[in-house]
Amino acid sequence: MADAQLLELIDAALRAACDAGDLPACETGIRLEQPPQPEMGDFSCNIAMVMAKPAQKAPREVAEIILRHLPQCALIDNVEIAGPGFINFRLSPTWLQEVVREVLVRGERYGHSDEGAGKRVQVEFISANPVGPLHVGNARGGPYGDAVANLLEAVGYEVEREYLLNDGPDNTQFRLFGASVQARVRELLGLPAHMPEDGYRGDYVIDYARELLAAHGEGLGEIAEDEDGFFEFAILGEEVCVADIRDSLEMLGVEFDSWFSERAMFEDGEIDAKLDELWGRGVLYQQDGAVWLRTTEFGDEEDRVLVRQNGAKTYLMSDLAYVDNKLARGFDHLIYVWGPDHAAQVPSVKAGMAAAGVDPDVTEFIVHQIVRLTEGGRVVRMSKRQGTIVSLRELIEDVGRDVTRFFLLSRSVDSHLDFDLELARKESEENPVYYVQYAHARISSILREARQRGFATDDLAEADLSLLAHPDELRLMRWLADYPAEVSDAAAQRAPHRLAHLSRDLAATFHQFYGTCRVIDEEAPELSRARLALVSAAGIVLRNLLGLLGVSAPEQM
RNA sequence: GCGCCCGUAGCUCAGUGGACAGAGCGGCGGCCUUCUAAGCCGCUGGUCGCCCGUUCGAAUCGGGCCGGGCGCGCCA
């Protein structure tokens, strides 16, 4: 590609200048940027300013030296030094024509790369406790984790999506859920029931109880109301709950490769083995009847309990065994997408890994911030107690999958996200999802119309692209040229929200082109073919972009 | 009290050390006998929370304040 060639030329110039003794050796990587104004050129390089200090010369003087050593090349039409010392390059227009051709030839693989080839990454996300339906609060990680996985795949990694089910026998919340399910089942059977103080009182538990009764019959009433009974009901309830979760995830368009059961690590001895290993490493001690891990020696603020006074293992114990389990499965890198309520435990897990002799850097914890629903500028209060939590299912039924995904992905995970229900419901120009999808429908429509009028659309790569010279055409082509770098950046930064902004931007660039450049014109068949090629290329990139977001690209609206 | 995140246009937010800080929504005014007007064009709009520092250059990096959100359990 043109930018890579340009980098080589600049590098050659620097080496030549260095050999000639005009400039000192430079270890700084050269970077190309897009100038803020198109009149400034196609690419801009700041190397002269970076080198000004080591060279002990003024930036513009350094730039002149570099230009003196720049090899001749047909690619470059014009070079100038601008502002404080930028070197601005204007390339021959053919480079953009090549981009259009490349998009058409590579199709859905345009923008992909092999940066991550040969590396296996696991992305674990959502992992909400299997004690109730997914709701808006814990759903943010869904589209996010999925889109990050898509991005990593696009840059060549082998990716697995995993959902961790916190269903261990020592899990207090899970047992509480079991007791709650049991209480509801007994109520339905007319038996004396005991809903725990901090039990799960949502109506959905009654639905779960009904389902269980339908599936297993009245014999459920004979299960004892004790710890064993609670756990039995927790496992029964989990089946119903997980089916429910999978169902809403299907509505969201998220599919996991792997559902990992915490309980399995207890049953096959991995938890105990990990505990023994830690004893052997001398990083544990007993105090107040509990077993503690010396995490303070590895950067944590305080030591953490692994085995409680009552003999039950803590979540940290499971987390540490879980890391081993993941690594044993051959992953090179582990990404955890966690909700804000788990942010505080990141240092403990990292310290725990270090204590266990595992390199904490193989893990990457991404903590997203909360989601609030707003309606008419006011925050929709969500309370578990009052049952006003909005489930993911309800949200999707209300505004649809595409809008749900797009909205949840449109902000940086570091920012709190206000989900504007009113805007989300609008099927109009105010809604950014429809704006982007409309651009795709419009592209499809143009191609349909062209075929109807007798234009072939399957050999557009052979069109005479040199006819594309209108400023809005050039702008669109330039946009397509930058796309691969944007995907690469978004993947590296785990920032799918960039894709949402890009899709908006591409749609706007296309709509603008559409407004000034008539595509189908029987009077000018060659120009029409060139423009159809550009339209088709824009459609491909828009489709790729929406694909990464997991948002559909409609043929018509 | 401690930790994490945020503070940029009326609102919601982009902006990986670079050139006059961007977008959407909102507001005002234009554009359909022509490929989808769910569109386009123009106008309106800013002490990048404040102060110091690092740098040729800071919305961006560091320190200190101020404001807001979320956490801080032998629950997860």
Side-chain angles (χ1 to χ4, degrees), chain A residues 31 33 35-37 40 44 46 49-50 52-53 58-59 82-86 88 127-129 131 166 168 171-176 198 287-292 301-302 304-316 318-319 339-347 367-370 372 374 377 410-418 420 423 426-439 441-450 452-453 489-490 492-493 495 497-498 500-502 504-505 507-508 510-512 514-521 528 531-532 535 556-557:
Chain A
R31 279 181 36 207
E33 296 170 355
Q37 303 294 328
M40 294 173 175
S44 176
N46 70 349
M49 290 182 294
V50 174
K53 191 155 197 175
F86 291 102
N88 290 344
S127 299
N129 290 348
V131 298
N166 285 109
N171 184 319
T172 312
Q173 293 300 318
F174 189 56
R175 285 181 170 275
L176 203 52
D198 303 321
Q287 188 182 304
D288 305 327
V291 177
W292 297 71
E301 285 183 344
E302 43 191 295
R304 306 288 168 179
V305 171
L306 289 188
V307 184
R308 306 202 289 262
Q309 216 167 26
N310 65 6
K313 277 93 172 178
T314 61
Y315 59 82
L316 182 58
S318 287
D319 276 338
D341 48 339
H342 290 249
Q345 74 197 69
V346 172
V367 176
H368 68 252
Q369 299 299 311
I370 59 162
R372 296 188 307 178
T374 65
S410 61
R411 305 280 178 253
S412 156
V413 280
D414 289 336
S415 287
H416 303 174
L417 185 137
D418 282 335
D420 187 341
L423 179 61
K426 284 188 182 163
E427 298 196 2
S428 72
E429 76 283 358
E430 295 160 52
N431 190 326
V433 186
Y434 291 102
Y435 180 85
V436 174
Q437 291 184 320
Y438 183 71
R442 198 174 227 184
I443 287 168
S444 304
S445 170
I446 294 169
L447 294 171
R448 267 198 307 273
E449 180 70 18
Q452 228 163 50
R453 297 200 198 174
D489 285 352
Q493 293 170 31
H497 73 280
R498 283 174 163 263
H501 288 273
L502 286 171
R504 233 258 156 223
D505 200 45
F510 176 78
H511 284 314
Q512 197 180 348
Y514 177 87
T516 53
C517 298
R518 185 166 178 85
V519 178
I520 304 172
D521 181 0
S528 293
R531 287 186 169 165
L532 283 168
V535 168
Q556 53 189 17
M557 288 171 76

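Heavy atoms only: backbone and side chains are in, while hydrogens, waters and symmetry mates are out. In what follows, chains carry the letters A, B, and so on, assigned in the order in which the sequence lines appear, proteins first and then strands, with residues in each chain numbered from 1.
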Over all strands shown, is A:Thr172 touching base, sugar-phosphate only, or nothing at heavy-atom distances under 4.0 angstrom?
sugar-phosphate

A:Asn431 CG to A:Asp420 CG distance, which is reported to the nearest 0.5 Å
9.5 Å

A:Arg504 side-chain N/O to B:C13 phosphate OP1/OP2 under 4.0 Å:
no

Grab the CG-C1' distance between A:Asn129 and B:A76 for me, whole Å please.
5 Å

Does OP1 or OP2 of B:A76 have a side-chain N or O of A:Tyr315 closer than 4.0 Å?
no

Taking for each residue the nucleotide of RNA chain B with the nearest heavy atom, is it A:Ile443 or A:Asp414 whose nucleotide lies nearer the 5' end?
A:Asp414

Determine the Euclidean distance between corresponding C1' atoms of B:C66 and B:G73; express it in Å to zero decimal places.
32 Å

Which part of the nucleic acid, if any, lies within contact of A:Asp489, taking any heavy atom under 4.0 Å across all strands shown: a base, the sugar-phosphate backbone alone, or nothing?
base

For B:C56, the Watson-Crick or wobble counterpart (both distances under 3.5 Å)
B:G18

Which is true for A:Ala492 with a 4.0 Å heavy-atom rule: it touches a base, it touches only sugar-phosphate, or it touches nothing?
nothing

Using the side-chain heavy atoms of A:His497, tell me which of these nucleotides is nearest: B:A76, B:C70, B:G15.
B:G15

Is A:Arg442 close enough and on-axis enough to A:Phe510, meaning under 6.0 Å and within 45°, for cation-pi?
no

Proximity to the side chain of A:Pro84 - top-ranked nucleotide from B:C74, B:A76, B:G18
B:G18

For A:Gln556 and A:Ala441, the nearest pair of non-hydrogen atoms, with its separation, is CA-CB, 3.8 Å

Taking for A:Ser44 and for A:Ser444 the nucleotide of RNA chain B with the nearest heavy atom, the one nearer the 5' end belongs to A:Ser44

Remember a base hit wins even if backbone is also touched, and classify A:Asp418 as base, sugar-phosphate or nothing at under 4.0 Å, heavy atoms.
sugar-phosphate

CZ of A:Arg304 versus P of B:A76: gap in Å, rounded?
13 Å

What form does the base of B:C32 take, syn (within 90° of 0) or anti?
syn

Closest to side chain of A:Arg442, choosing from B:G39, B:C35, B:A19
B:G39

Closer than 4.0 Å, any side-chain N/O of A:His511 to the OP1 or OP2 of B:C41?
no

Between atom NZ in A:Lys53 and atom C1' in B:U54, what is the gap in whole Å?
10 Å

Using whole Å, what does the distance between atom C1' of nucleotide B:U16 and atom NE2 of A:His501 come to?
15 Å

Determine the contact category for A:Tyr514: base if any of its heavy atoms lies under 4.0 Å from a base atom, sugar-phosphate if only primed atoms, P, OP1 or OP2 are that close, otherwise nothing.
base

If I take atom CG in residue A:Asp420 and atom C1' in nucleotide B:G26, what distance separates them, rounded to the nearest angstrom?
12 Å

Could you tell me how far B:C11 sits from B:C50 if I compare only their P atoms? Round to whole Å.
16 Å

Do the side-chain N or O atoms of A:Arg411 get closer than 4.0 angstrom to the phosphate oxygens (OP1, OP2) of B:G15?
no

Could you tell me whether A:Pro59 contacts a base, only the sugar-phosphate backbone, or nothing, with contacts defined as non-hydrogen atoms closer than 4.0 Å?
nothing

Rounded to whole angstrom, note down the C1' distance from B:A59 over to B:U8.
7 Å

Distance between the C1' atoms of B:A14 and B:C52, in whole angstroms?
28 Å

Gap in Å between the two P atoms, one belonging to B:C48 and one to B:U60, rounded
10 Å

Checking A:Asp288 side chain against A:Ala290 main chain: does a donor-acceptor pair fall under 3.5 Å?
no

Base, sugar-phosphate, or nothing for A:Ala343, non-hydrogen atoms under 4.0 angstrom?
nothing

Distance check, P atoms only: B:G15 and B:U33, in whole angstrom units.
42 Å

With heavy atoms under 4.0 Å as the rule, sort A:Asp198 into base, sugar-phosphate or nothing.
nothing

Check whether the side chain of A:Asn46 and the base of B:G18 form a donor-acceptor pair under 3.5 Å.
yes

Partner of B:G39 under the Watson-Crick or G-U wobble criteria, both distances under 3.5 Å, comes out as B:C31

Check: A:Thr172/A:Arg308 side-chain N/O donor and acceptor closer than 3.5 Å:
yes

With the side chain of A:Phe86 defined as its heavy atoms from C-beta on, choose the nearest nucleotide among B:A19, B:A14, B:U36.
B:A19

Where the side chain of A:Arg31 meets the backbone of A:Asn46, is there a donor-acceptor pair that is under 3.5 Å apart?
no

Scanning all shown strands, the Watson-Crick or wobble mate of B:C72 with both distances under 3.5 Å is B:G1

Euclidean distance for C1', B:C61 against B:G17 (whole angstrom)
8 Å

Sugar-phosphate only, base, or nothing, as touched by A:Ala52 at under 4.0 Å among non-hydrogen atoms
nothing

Let me confirm one number: the CD1-CD distance from A:Ile520 to A:Gln452, rounded to the nearest 0.5 Å.
9.5 Å

Looking at A:Val307, is its backbone amide N or carbonyl O close enough to the side chain of A:Thr314 to form a donor-acceptor pair, meaning the two atoms are under 3.5 Å apart?
no

Nearest heavy-atom contact between A:Tyr435 and A:Ala508 is OH-CA, 3.1 Å

Using a heavy-atom cut-off of 4.0 Å across all strands, would you classify A:Pro347 as base, sugar-phosphate, or nothing?
nothing

Against the side chain of A:Arg498, the closest entry in B:G3, B:C35, B:U16 is B:U16

Of the nucleotides B:C2, B:G69, B:G18, which one has an atom closest to the side chain of A:His416?
B:G69

Mind checking if A:Arg453 touches a base, just sugar-phosphate, or nothing, with heavy atoms under 4.0 Å?
sugar-phosphate

The reported gap from CG in A:Asp319 to NZ in A:Lys313 (rounded to nearest 0.5 angstrom) is 15.0 Å

Side chain of A:Tyr438, heavy atoms from C-beta onward: which of B:C70, B:G39, B:C56 has the nearest atom to it?
B:G39

With heavy atoms under 4.0 Å as the rule, sort A:Gln37 into base, sugar-phosphate or nothing.
base

Counting Watson-Crick and G-U wobble pairs only, both distances under 3.5 Å, name the nucleotide matched with B:G7, or none.
B:C66

Could you state the CE-C1' distance from A:Met49 to B:A58, rounded to the nearest angstrom?
14 Å

So does A:Ser410 reach the base of B:A14 with its side chain, donor to acceptor, closer than 3.5 Å?
no

Does B:A14 have OP1 or OP2 sitting under 4.0 Å from an N or O in the side chain of A:Ser415?
yes

Residue A:Asp341, side-chain atoms from C-beta onward, closest of B:A76, B:C6, B:A19:
B:A76

Below 3.5 Å, does any donor atom in the side chain of A:Gln173 face an acceptor in the base of B:C75, or the other way round?
yes

When rounded to whole Å, the NE2 to P distance for the pair A:His342 and B:C75 reads 14 Å

Determine: side-chain N/O of A:Tyr435 to OP1/OP2 of B:A23, distance under 4.0 Å, yes or no.
no

A:Ile370 CD1 - B:C4 C1' separation (whole Å)
13 Å

Does A:Asn88 reach a base, just sugar-phosphate, or nothing at all? Heavy atoms under 4.0 Å.
base

